[in-house]
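Here the structure is laid out as structure tokens; the discussion comes afterwards.
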Amino acid sequence: MSKGVTPQSKDYSTWYTDVVIKAGLADYGPVKGTMVIKPYGFALWDNIKESFDRMIKETGHVNAYFPMFIPKSFFTREAKHIEGFAKECAIVTHTRLKTDSDGSLIVDPESRLEEEVIIRPTSETIIWSMYKKWIQSYRDLPLLINQWVNVVRWEMRTRLFLRTTEFLWQEGHTAHATAEEAEEETLLILELYRQLAEDFLAIPVLTGLKTEAEKFAGAEKTYCIEAMMGDKRSLQAGTSHYLGQNFAKAFDVTFQTKDNKEDYVYATSWGISTRLVGAVIMVHGDDKGLRLPPKIAPYQVVIVPIARNKDHEKLVKDFIEPITFGLKENNVRVHEDWSDNSPGFKFNEWEMKGAPIRMEVGPRDVENNQVVLVRRDTNEKFNIGKEDLLNKIPTLLDEIQLSLFEQAKNFRDENTHTINSYDEFKDIVSNGGFVRCGWDGDAVTETAIKNETKATIRCIPFDEQTEGLSCIYSGKPAKHEVIYAKAY
RNA sequence: CGGGGUGUAGCGCAGCCCGGUUAGCGCACCUGCUUUGGGAGCAGGGGGUCGGAGGUUCGAAUCCUCUCACCCCGACCA
């Protein structure tokens with residue numbers, strides 16, 4: 001195994017894969033497109049999960065579990081929904097294996113299912129089939145259910161965390177008595193996603209609405225958070241859908257209103273996935289590897305002891321012990337690396353793994369009653385007295401969290417352009433970056449631009465300014481100001 | 001699904017053209033000693049149905065046929 005990773009400037013996607021593998025986040029599974037999330041990578045997902053789980057519980061949502069197997073017939077109910085997912089479904093057709101006459105293992109043809117079962121690519125259909133049973137009156141509403149599960153979308157090309165055949169996510173599915181309330185819910189969740197991304201993952205995001213072409217199959221409106229990766233391409237980091245009455249009608253979910261009338265239920269659904277781990281890697285990572293925001297880092301402080309002999313070892317160990325204890329008392333996730341590797345190796349290793357703070361402790365430090373701290377975000381290296389540590393570390397972690405966000409935000413802003421001509425547009429888009437420009441609102445224009453440049457409308461931002469703006473392609477008056485970029 | 005490529009130790013590869021000792025190298029791994037403030041050194045060691053099947057041959061990693069798998073590039077997706 002070679003040292004280091006392929007530099008970003010040489011080949012960004014190889015850099016990405018190198019980091020994922022060498023930082024020990026994930027590995028390839030035996031079936032094409034599958035991924036094993038290793039403990040260090042899963043810790044990241046666990047932290048994201050815990051944080052968001054807390055947010056939705058504080059806003060009245062509850063967790064449940066629905067089966068991963070969905071009757072095929074459910075998918076025929078909502079026309080656009082089936083159209084959106086038909087091409088990437090895994091289907092269970094048999095329930096048994098048997099040994100053939102020549103000793104090989106085969107699918108038992110006798111075990112063929114009468115109705116095939118679809119492995120969920122998303123759970124709207126099965127959830128709404130159940131909601132039909134659970135909802136009778138306005139008193140049953142709103143119904144605010146979420147689940148943390150795996151889903152399967154059979155993809156042609158895959159990339160670890162960003163696009164895999166099976167991935168983990170949360171999917172929220174809510175039912176409401178009015179359209180207004182459902183829309184409010186959609187936007188509330190979008191705001192929670194924004195907070196999660198910005199305050200927790202230190203990833204600045206644009207919020208806005210997807211165009212008709214880009215919205216979720218079966219939705220009335222799709223809102224999204226959209227982030228710029230280190231190669232200036234865009235990544236959809238979370239989506240929140242207002243479903244109107246589409247699924248209620250497809251699954252015949254009605255309720256009695258206060259004034260004793262019958263109406264279809266209004267719905268939302270929303271999701272974030274393990275793709276967010278990919279976003280963290282690509283937004284913050286550098287040529288040394290990961291740079292993890294402290295709030296998500298499995299270890300916020302990694303202590304590298306330096307000892308030339310057994311005496312030193314004992315000296316350093318005794319010195320570190322109360323530090324580790326004190327940090328843990330202060331809810332700092334700290335790790336002592338006593339592995340057999342050389343200090344130099346450990347420095348590189350923990351830089352690869354993105355630990356926000358490295359603490360070096362050797363005999364010299366013990367003698368001076370101090371330690372050496374190194375910030376992963378700035379490479380800044382400094383000495384600090386032992387007695388100041390417990391105060392300084394939490395502050396420093398906050399600083400790193402903020403500094404990573406600021407760096408990412410500056411990068412995005414520097415690479416976001418407002419432009420006046422289509423030539424300029426093509427130029428910027430081909431070199432990577434966001435373009436903010438006018439769009440006449442016509443799907444034909446959208447498709448034409450996509451075919452000519454491979455860039456898509458990432459979102460119609462909430463803060464759009466259409467006054468005096470004209471369409472970058474057709475020259476007609478702009479219906480919307482939009483963000484264009486090449487996307488993952 | 002169209003185009004290109006690769007299968008030899010855990011990983012990365014050489015050997016193949018031109019068949020011939022016991023299939024080799026780097027990294028990783030194991031043991032021991034010396035080391036440790038930016039990827040340590042030396043010595044010893046373990047590990048292979050050469051992707052699979054068939055064929056040619058006295059003899060196949062090497063030549064022929066078939067097959068399987070995976071990777072990269074183009075149309076869809078969180």
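Predicted, not measured: the structure shown is a model, and the values here were computed from it. Just so it is clear: chains get the letters A, B, ... in the order the sequence lines come, proteins before strands, and each one is counted from 1.
- With both ends at atom C1', the span from B:G54 to B:G48 equals 23 Å, rounded to whole Å.
- For A:Lys346 (side chain) and A:Asp337 (main-chain N/O), a donor-acceptor pair under 3.5 Å exists by modelled atom type.
- Rounded to a whole angstrom, the distance from the C1' atom of B:G15 to that of B:C25 is 11 Å.
- Classification of A:Glu220 and A:Lys215 as a salt-bridged pair fails, no side-chain N sitting under 4.0 Å from a carboxylate O.
- A distance of about 29 Å separates the C1' atoms of B:U31 and B:A14, rounded to the whole Å.
- The residue A:Val151 sits apart from the nucleic acid: no heavy atom pair falls under 4.0 Å.
- Residue A:Asn309 contributes atom CG, which lies 16 Å from atom P of B:C33 at whole-angstrom precision.
- Across all strands shown, B:U31 pairs with B:A43; the Watson-Crick or G-U wobble distances both stay below 3.5 Å.
- Under the Watson-Crick or G-U wobble criterion, with both distances below 3.5 Å, B:A61 is left unpaired in every strand shown.
- Atom NZ in A:Lys22 sits about 15 Å away from atom P in B:C27, given to the nearest Å.
- The nucleotide B:G24 finds its pairing partner in B:C13, both defining distances of the Watson-Crick or G-U wobble pair being shorter than 3.5 Å.
- Listed for the A:Thr76 side chain is no donor-acceptor partner under 3.5 Å among the backbone atoms of A:Lys72.
- At the heavy-atom level, A:Arg358 lies under 4.0 Å from base atoms of the strands shown.
- Using a 4.0 Å heavy-atom distance criterion, A:Ile272 is classed as making no nucleic acid contact.
- In this structure, B:G48 makes no Watson-Crick or G-U wobble pair, since no nucleotide meets both defining distances under 3.5 angstrom.
- A:Lys210 forms no cation-pi arrangement with A:Phe216, by the criterion of a distance under 6.0 Å to the ring centre and an angle within 45° of the ring axis.
- The distance between atom NZ of A:Lys210 and atom C1' of B:C77, rounded to the nearest whole Å, is 11 Å.
- In summary, A:Glu351 and A:Arg358 engage in a salt bridge, as defined by a charged side-chain N under 4.0 Å from a carboxylate O.
- Counting non-hydrogen atoms under 4.0 angstrom, A:Gly362 reaches a base of the nucleic acid.
- Of the possible polar contacts, none joining the A:Asn369 side chain to the A:Asp365 backbone as a donor-acceptor pair under 3.5 Å is found.
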Sort me out a list of protein N/O and nucleotides 40-44 of chain B N/O pairs below 3.5 Å, or just none if empty.
{"residue": "B:A40", "atom": "OP1", "partner": "A:Ser342", "partner atom": "OG", "Å": "3.2"}
{"residue": "B:A40", "atom": "OP2", "partner": "A:Ser342", "partner atom": "OG", "Å": "2.3"}

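- Between A:Arg308 and B:U36 there is a side-chain N or O to OP1 or OP2 distance below 4.0 Å.
- Counting to the nearest Å, the P atom of B:G37 and the CH2 atom of A:Trp350 are 19 Å from each other.
- Across B:G38, B:G39, B:G37, the shortest atom-to-atom separation from the side chain of A:Glu349 is found for B:G39.
- Comparing the P positions of B:C72 and B:C13 gives an interatomic distance of 13 Å, to the nearest angstrom.
- Using a 4.0 Å heavy-atom cutoff across all strands shown, A:Phe167 reaches at least one base atom of the nucleic acid.
- The base of B:G39 has none of its N or O atoms less than 3.5 Å from a complementary donor or acceptor on the side chain of A:Asn341.
- Shown here, B:U6 forms a base pair with B:A69; the pair counts as Watson-Crick or G-U wobble because both key distances fall under 3.5 Å.
- B:C18 sits 11 Å from B:C63 when the C1' atoms are compared, rounded to a whole Å.
- Taking atom C1' in both B:G51 and B:U8, the straight-line distance is 10 Å, to the nearest Å.
- Spacing between atom CG of A:Asp337 and atom C1' of B:U36 amounts to 13 Å, rounded to whole angstrom units.
- Using a 4.0 Å heavy-atom criterion, one finds that A:Glu360 contacts the bases of the nucleic acid, with or without backbone contacts as well.
- For B:U62 and B:C16, the P atoms lie 12 Å apart once the distance is rounded to whole Å.
- Heavy atoms of A:Thr17 sit nowhere under 4.0 angstrom from any nucleic acid atom.
- Rounded to whole angstrom, the span from the CG atom of A:Asp287 across to the C1' atom of B:G39 amounts to 16 Å.
- The CG-P distance, from A:Asp365 to B:U36, rounds to 16 Å in whole Å.
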Contacts under 3.5 Å, N or O only, protein and nucleotides 72-76 of chain B:
{"residue": "B:C73", "atom": "OP2", "partner": "A:Arg157", "partner atom": "NH2", "Å": "2.4"}

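- Atom CD1 of A:Ile306 and atom P of B:U35 are 17 Å apart (whole Å).
- The list of ring pair (Phe, Tyr, Trp, His ring centres under 6.0 Å) pairs with a residue in residues 217-239 of chain A, not counting sequence neighbours, reads A:Tyr223-A:Phe462.
- Under the Watson-Crick or G-U wobble criterion, with both distances below 3.5 Å, B:G74 is paired with B:C1.
- In this structure, the side chain of A:Thr59 engages the main chain of A:Ile56 through a donor-acceptor pair within 3.5 Å.
- A cation-pi arrangement is not found for A:Lys49 relative to A:Trp169, the charged atom failing to lie both closer than 6.0 Å to the ring centre and inside a 45° cone about the ring normal.
- A ring-centre distance under 6.0 Å is found for A:Tyr299 and A:Trp350.
- A gap of 16 Å separates the P atoms of B:U57 and B:G19, to the nearest Å.
- Ring pair A:Tyr131/A:Phe251: centre-to-centre distance not below 6.0 Å.
- Using a 30° and 60° split on the angle between ring planes, A:Phe75 and A:His81 fall in the parallel class, below 30°.
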